[in-house]
Colleague: 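My questions all concern the structure below.
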Amino acid sequence: MNVLVIGGGVVGVTTAYYLSQKGMNVTVLEAQEKGGDFGATAGNAGLLSPSDAFAWASPSALKVAIKSLLNSQLGIQYKLHMDPALWGWTASFLSQCRSSKWVQNTDSKFRLAQYSIDNLADLRLATNINFDASDQGIAYASRSPSNLKKLRSHFNFLEDRGLKLELLDRDGLHEKLPLLQASSKTYAGAVFSPNCKTGDSAKFSLELGRWCVENTKCRFVWGASVESFLQKNNKISSVLTSKGEFKADAYVLAAGAHNGILAKQLDIKLPIYPIKGFSITAPLINTKMKPMSGFDDTDKLVSLSIFGDRLRISSSAVFDGFNTNHRQQDFQGILNLAKEILPDVANYSAAKYWAGLRPMTPSSLPILGPSPMQNLYLNVGHGNLGWTLACGTGKIVADLIANEKPRVNISPFLFKAK
């Protein structure tokens, strides 16, 4: 069977891997040239974190959106402008904000995340690829005792579903993350998730893609941006790209924030809106540093990881359409925090700056499996957890194409036409 995967980021490449493991001939089309910006795959915080599986739509979400209109320093920024797509997405988002929906969506997202991390562990053993992974866990820190208490209570939901957690006081946090400014009284403590991980998803994607090309019937076509689809009898017959025409028996849409635009050409309306995020990557001063736990400042909504010889700091969720423009001041908050808590760790004057888009659904759940087109499958809408969910969703979609039953309940993730 010949399968064409549209998108060579972390979601597309994991889909290709699991398809190739079933003996299929796989072609991956990636719009960027090799080594280019992989969108959200290139600039995310690097956290592999089922502990971040909370659905964004919650009873408190409206308050946060209103606050963001009044305070430009918040990590979440809702840009109020005349964008029909944003208004429609927002209406759907608000419909998911009931407590019962939040419980249902968070439960589904967490179980998928756990399944995905299990699959990643198997993939690492099978391929032995290097992506600067660290198995040191992730610390979710808070700046006040009262906020730490609320944070611990918040995490009870996931702990009840099997997530292992530890509560750290200030000394315990510094013991887990000795790189934190030793004299700092910034944090009251943290909730620590020991089984979570960190890693460079862009390096993972390139290395896994190389492994697939060398060991399976898989090829990558770089710089192949999709221009149009040819259709017949409710099936895709071929895809026209900047690198020519491609045909297959089945097609998978896995192109990140651009999935909605591509699906629209097929008269498929996906409930996805692009959420802009920012990150900074700075070289370490001491490149022989031991691996460090991932870190999340839950009050400032800033996350950081160390990948080999570099520090990644990431923050913000800006609702502003496909606008990826950025100014130096957009990064100032995360840069200031990094200098505050890790002043002697990285060379911030040599930092590289990135802004990109994450494809978010109103429910925070990805959309997986069959589409209204008979031979098109969806692996879209991963939002803020694309790196965490990639192996799980790739495995599920590959199973469905192979007419095998996935090992998780996929009903919450199926496409629902409106």
Colleague: Under the rule for ring pair (Phe, Tyr, Trp, His ring centres under 6.0 Å), what residues qualify as partners of Tyr18, not counting sequence neighbours?
Modeller: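 Ring pair (Phe, Tyr, Trp, His ring centres under 6.0 Å) check on Tyr18 returns nothing, list empty.
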
Colleague: Within the side chain of Asp399, is there an N or O that forms a donor-acceptor pair under 3.5 Å with the backbone of Lys405?
Modeller: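 Checked: no pair found.
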
Colleague: Any donor-acceptor pair under 3.5 Å linking the side chain of Thr15 with the backbone of Val11?
Modeller: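 Pair found, side chain donor or acceptor close to backbone of Val11.
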
Colleague: Applying ring pair (Phe, Tyr, Trp, His ring centres under 6.0 Å), can you list everything that pairs with Phe229, at least two apart in sequence or on another chain?
Modeller: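 Result, ring pair (Phe, Tyr, Trp, His ring centres under 6.0 Å) vs Phe229: none returned.
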
Colleague: Please set out all donor-acceptor pairs under 3.5 angstrom arising from side-chain atoms of residues 262-270, sequence neighbours excluded.
Modeller:
none

Colleague: Under 4.0 Å between a Lys/Arg side-chain N and an Asp/Glu carboxylate O for Arg124 and Asp135?
Modeller: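 Asp135 and Arg124: salt-bridged.
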
Colleague: Is it true that a side-chain atom of Thr106 and a backbone atom of Ala55 form a donor plus acceptor pair closer than 3.5 Å?
Modeller: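 Confirmed, Thr106 side chain pairs with Ala55 backbone.
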
Colleague: Compare all side-chain heavy atoms of Leu48 with those of Thr198 and state whether any distance is below 4.5 angstrom.
Modeller: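 Leu48 does not reach Thr198 side chain to side chain.
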
Colleague: Rounded to the nearest 0.5 Å, what separation is found between the CG atom of Leu29 and the CG atom of Leu4?
Modeller: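 Between atom CG of Leu29 and atom CG of Leu4 there are 4.0 Å.
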
Colleague: Check step by step if side-chain contact (heavy atoms from CB on, under 4.5 Å) holds for Val10 and Leu208.
Modeller: CA-CA 9 Å; Val10 69; Leu208 183 59; over 6 Å; no

Colleague: When you compare the side chains of Asn379 and Thr393, does any donor N or O come within less than 3.5 Å of an acceptor on the partner?
Modeller: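 Distance-only check passes for Asn379 and Thr393.
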
Colleague: Using only atom types and a distance under 3.5 Å, with no angle test, would you say the side chain of Ser201 pairs donor to acceptor with the backbone of Thr41?
Modeller: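 Judged by distance alone, yes, a pair lies under 3.5 Å.
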
Colleague: Are Trp89 and Met360 side-chain neighbours, meaning at least one heavy-atom pair lies under 4.5 Å?
Modeller: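 Heavy-atom side-chain distance check passes, below 4.5 Å.
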
Colleague: Search all heavy atoms of Gly8 against all heavy atoms of Ser205 and return the closest pair with its distance.
Modeller: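 It is O-CB, 4.4 Å.
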
Colleague: Please answer whether the main-chain N or O of Leu47 pairs with a side-chain N or O of Thr388 as donor and acceptor at a distance below 3.5 Å.
Modeller: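 The answer is yes, because a donor-acceptor pair under 3.5 Å joins these two groups.
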
Colleague: side-chain contact (heavy atoms from CB on, under 4.5 Å) with Leu311: which of Ile280, Leu304, Thr281?
Modeller: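 Single pass found, and it is Leu304.
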
Colleague: Once you round to the nearest 0.5 Å, how far does CG of Leu168 lie from NZ of Lys176?
Modeller: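 The distance works out to 6.5 Å.
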
Colleague: Given Tyr187, which partner from the list Leu173, Leu177, Asn147 fulfils the side-chain contact (heavy atoms from CB on, under 4.5 Å) test?
Modeller: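 Only one option passes, and that is Leu173.
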
Colleague: Sort out for me which residue in Phe331, Tyr353, Trp354 forms a ring-ring contact (aromatic ring centres under 6.0 Å, His included) with Phe278.
Modeller: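 One option only clears the test, and that one is Phe331.
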
Colleague: Please name all residues satisfying side-chain hydrogen bond (donor to acceptor under 3.5 Å, both in side chains) with Glu207, sequence neighbours left out, ordered by chain then number.
Modeller: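 Residues passing side-chain hydrogen bond (donor to acceptor under 3.5 Å, both in side chains) with Glu207: Arg210.
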
Colleague: Mind jotting down which residue pairs meet the side chain to side chain donor-acceptor pair (under 3.5 Å) criterion with at least one end in residues 153-164? Sequence neighbours excluded, please.
Modeller: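 Counting only pairs at least two positions apart or across chains, the side chain to side chain donor-acceptor pair (under 3.5 Å) contacts touching residues 153-164 are Asp107-Arg161, Arg152-Asn156, Arg152-Glu159.
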
Colleague: Can you find a pair of side-chain heavy atoms, one from Val380 and one from Pro359, that are under 4.5 Å apart?
Modeller: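 A side-chain contact is absent here, since even the closest heavy-atom pair is not under 4.5 Å.
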
Colleague: Check step by step if side-chain contact (heavy atoms from CB on, under 4.5 Å) holds for Phe322 and His258.
Modeller: CA-CA 9 Å; Phe322 282 89; His258 297 282; 4.2 Å; yes

Colleague: Distance check, rounded to the nearest 0.5 Å: Lys247 atom NZ versus Thr27 atom OG1?
Modeller: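 OG1 of Thr27 is found 14.0 Å from NZ of Lys247.
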
Colleague: Short question: side chain of Thr298, backbone of Tyr140 - any donor-acceptor pair under 3.5 Å?
Modeller: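 Such a contact is absent between Thr298 side chain and Tyr140 backbone.
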
Colleague: Please give me the minimum heavy-atom distance between Met292 and Ser134, naming the atom from each residue.
Modeller: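 In this case the closest contact between Met292 and Ser134 is O-OG, 3.5 Å.
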
Colleague: Looking only at heavy atoms, which two atoms of Leu112 and Pro366 are closest? And how far apart?
Modeller: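 Scanning both residues, the minimum pair turns out to be CD2-CG, 3.7 Å.
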
Colleague: Stepwise, does the side-chain contact (heavy atoms from CB on, under 4.5 Å) test hold for Lys34 with Phe220?
Modeller: CA-CA 9 Å; Lys34 190 173 184 178; Phe220 282 69; over 6 Å; no

Colleague: Under the criterion ring-ring contact (aromatic ring centres under 6.0 Å, His included), I'd like the reasoning laid out for Phe155 against Phe192: C-alpha separation, chi angles, the key distance, then a yes or no.
Modeller: CA-CA 10 Å; Phe155 271 106; Phe192 183 69; over 10 Å; no

Colleague: Does any non-hydrogen side-chain atom of Val13 lie less than 4.5 Å from one of Leu206?
Modeller: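 A side-chain contact is absent here, since even the closest heavy-atom pair is not under 4.5 Å.
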
Colleague: Kindly indicate, with the supporting measurements, whether the criterion side-chain contact (heavy atoms from CB on, under 4.5 Å) is fulfilled by Val221 and Thr241.
Modeller: CA-CA 10 Å; Val221 183; Thr241 79; over 6 Å; no

Colleague: Return the NZ to OG distance between Lys197 and Ser293, rounded to the nearest 0.5 Å.
Modeller: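 With rounding to 0.5 Å, NZ (Lys197) is 11.5 Å from OG (Ser293).
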
Colleague: According to the ring pair (Phe, Tyr, Trp, His ring centres under 6.0 Å) rule, which pairs have a member within residues 357-400, sequence neighbours left out?
Modeller: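 Of all non-adjacent pairs touching residues 357-400, those that pass ring pair (Phe, Tyr, Trp, His ring centres under 6.0 Å) are Phe131-Trp387, Phe204-Trp387.
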
Colleague: Measuring only between side-chain heavy atoms, which start at C-beta, is Leu342 closer than 4.5 Å to Phe295?
Modeller: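 In short, these two side chains do not touch, never coming nearer than 4.5 Å.
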
Colleague: Mind checking the OG-CD spacing from Ser51 to Gln114? Nearest 0.5 Å is all I need.
Modeller: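 Ser51 atom OG to Gln114 atom CD measures 9.0 Å (nearest 0.5 Å).
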
Colleague: Distance-only, no hydrogens or angles: does the Asp297 side chain make a donor-acceptor pair with backbone N or O of Val302 under 3.5 Å?
Modeller: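 No; zero donor-acceptor contacts below 3.5 Å.
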
Colleague: For the atom pair CG (Asp118) and NZ (Lys395), what is the distance rounded to the nearest 0.5 Å?
Modeller: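 Between Asp118 CG and Lys395 NZ, I get 12.0 Å after rounding to 0.5 Å.
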
Colleague: Take atom CD in Glu175; do more than 12 heavy atoms of anything else shown fall under 6.0 Å from it?
Modeller: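 Result for CD/Glu175: open.
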
Colleague: Under 6.0 Å between ring centres, would you say that holds for Trp211 and Tyr17?
Modeller: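 Distance test on ring centres: under 6.0 Å, yes.
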
Colleague: Taking the side chain as C-beta and beyond, is there a heavy-atom pair between Arg219 and Val28 under 4.5 Å?
Modeller: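 Arg219 vs Val28: side chains apart.
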
Colleague: Looking only at heavy atoms, which two atoms of Lys235 and Asn375 are closest? And how far apart?
Modeller: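 Of all heavy-atom pairs spanning Lys235 and Asn375, the closest is CA-OD1, 3.5 Å.
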
Colleague: How about Lys352 and Arg310: do any of their side-chain heavy atoms sit closer than 4.5 Å?
Modeller: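 The answer is no; the side chains never approach within 4.5 Å.
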
Colleague: Do you know which of Leu378, Val5, Ile367, Val397 makes side-chain contact (heavy atoms from CB on, under 4.5 Å) with Leu253?
Modeller: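 It is Leu378, the one option of Leu378, Val5, Ile367, Val397 that forms the side-chain contact (heavy atoms from CB on, under 4.5 Å) with Leu253.
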
Colleague: Compare every heavy atom of Pro274 with every heavy atom of Ala257, then report the nearest pair and how far apart it is.
Modeller: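 Residues Ala257 and Pro274, closest heavy atoms: CB-CB, 4.4 Å.
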
Colleague: Is there a side-chain contact between Ile410 and Leu368 (heavy atoms, below 4.5 Å)?
Modeller: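 No, too far: nothing below the 4.5 Å cut-off.
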
Colleague: Look only at the side chain of Ser242 and the backbone of Ser225, and say whether a donor-acceptor pair between them is shorter than 3.5 Å.
Modeller: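 Here the side-chain-to-backbone pair exists.
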
Colleague: Are the side chain of Ser116 and the backbone N or O of Gly392 linked by a donor-acceptor pair below 3.5 Å?
Modeller: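 Here the side-chain-to-backbone pair exists.
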
Colleague: Grab the two heavy atoms, one from Thr14 and one from Cys391, that are nearest each other, plus how far apart they are.
Modeller: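 Thr14 and Cys391 have their closest heavy atoms at CG2-SG, 3.9 Å.
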
Colleague: Backbone N or O of Ser411 within a donor-acceptor pair of the Asn409 side chain at under 3.5 Å?
Modeller: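 Between the backbone of Ser411 and the side chain of Asn409 there is a qualifying donor-acceptor contact (under 3.5 Å).
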
